[in-house]
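All values reported here derive from a predicted model rather than from experimental measurement. Starting from 1, each residue takes its place in the sequence as its number.
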Amino acid sequence: MSVDAQNQWNEMMGFTPANSKANNPNVVGQNVQNWVNDNQAQLVLRYWEATPPDIVDAAVDELARFMLNPDQYMEVLTTIQQKADQVWAERE
């Protein structure tokens with residue numbers, strides 16, 4: 001969005017802007033932005049973009065199972081690892 005459009009959207013919705021040149025009316029967003037700037041934080045590629053969809057889809061289901069049944073964490077981890085091993089082997 002242009003700066004003007006982003007400013008209007010942010011004022012209306014209270015969002016933190018995607019455009020770094022726009023005003024940020026959100027106090028929480030301002031604090032996060034200040035922390036990032038003060039600590040020279042670096043962008044790290046997120047799991048969703050860095051992981052093949054076949055693994056992500058399986059992992060999301062397994063993580064949901066973990067949230068409902070935390071005692072099954074080892075089964076969840078094992079299932080995710082097995083899927084990852086399978087997908088990466090197919091991509092060699």
Side-chain angles (χ1 to χ4, degrees):
M1 282 187 198
S2 69
V3 173
D4 184 49
Q6 184 77 73
N7 285 338
Q8 290 178 37
W9 179 254
N10 296 341
E11 285 299 321
M12 182 175 65
M13 301 302 291
F15 292 158
T16 295
N19 185 332
S20 62
K21 296 177 182 172
N23 297 329
N24 187 351
N26 184 302
V27 174
V28 173
Q30 291 170 4
N31 290 338
V32 170
Q33 191 171 22
N34 290 338
W35 186 92
V36 166
N37 292 338
D38 293 347
N39 292 282
Q40 299 176 334
Q42 296 179 357
L43 175 64
V44 177
L45 191 60
R46 294 179 344 145
Y47 173 76
W48 299 103
E49 289 84 8
T51 307
D54 294 346
I55 298 172
V56 172
D57 292 343
V60 166
D61 292 341
E62 288 300 308
L63 292 171
R65 177 165 67 118
F66 167 71
M67 286 188 279
L68 296 171
N69 304 288
D71 59 312
Q72 297 178 11
Y73 72 95
M74 282 308 296
E75 293 172 41
V76 167
L77 292 173
T78 299
T79 302
I80 294 170
Q81 187 63 58
Q82 288 171 344
K83 183 62 174 183
D85 291 344
Q86 172 196 347
V87 171
W88 289 118
E90 292 169 357
R91 290 175 173 248
E92 286 186 303

- prompt: Are Val32 and Val27 linked, directly or through other ILVMFWY residues, by side chains that come within less than 4.5 angstrom of each other?
  reply: no

Distance-only donor-acceptor hits, side chain of residues 17-24, under 3.5 Å, sequence neighbours excluded:
residue: Asn19; atom: OD1; partner: Lys21; partner atom: N; Å: 2.9
residue: Asn19; atom: ND2; partner: Met1; partner atom: O; Å: 3.0
residue: Asn24; atom: OD1; partner: Asn26; partner atom: N; Å: 3.1
residue: Asn24; atom: ND2; partner: Gln33; partner atom: OE1; Å: 3.3

message: Quick check on the hydrophobic clustering: are Val87 and Val56 connected, directly or via other members, by side-chain heavy-atom contacts under 4.5 Å?
response: yes

message: Can you tell me how far apart CG (Asp57) and NZ (Lys83) are? Round to the nearest 0.5 Å.
response: 8.5 Å

Minimum heavy-atom distance Ala5-Ser2, with the two atoms named: N-OG, 3.1 Å

query: If we ignore angles and hydrogens, is there a donor and acceptor under 3.5 Å between the side chains of Asn7 and Glu11?
result: no

message: When you compare the side chains of Gln82 and Gln86, does any donor N or O come within less than 3.5 Å of an acceptor on the partner?
response: no

message: Determine whether Asp4 and Gln8 satisfy the following criterion, side chain to side chain donor-acceptor pair (under 3.5 Å), listing intermediate values before the conclusion.
response: CA-CA 6 Å; Asp4 184 49; Gln8 290 178 37; 3.0 Å; yes

query: Once you round to the nearest 0.5 Å, how far does CG of Asp85 lie from CD of Gln81?
result: 4.5 Å

- prompt: Is there a path of hydrophobic side-chain contacts, each under 4.5 Å between heavy atoms of I, L, V, M, F, W or Y residues, that connects Ile55 with Leu63?
  reply: no

- request: With sequence neighbours excluded, give me every side chain to side chain donor-acceptor pair (under 3.5 Å) pair touching residues 71-80.
  value: Arg65-Gln72, Arg65-Glu75

query: Looking at CG of Leu43 and CG of Leu45, how far apart are the two atoms once the value is rounded to the nearest 0.5 Å?
result: 7.5 Å

message: Can you confirm whether Trp88 sits close enough to Asp54 that some side-chain heavy atom of one is under 4.5 Å from a side-chain heavy atom of the other?
response: no

From CD (Gln6) to CZ (Phe15), nearest 0.5 Å: 10.0 Å

query: Is the shortest heavy-atom distance from the side chain of Phe66 to the side chain of Leu77 under 4.5 Å?
result: no

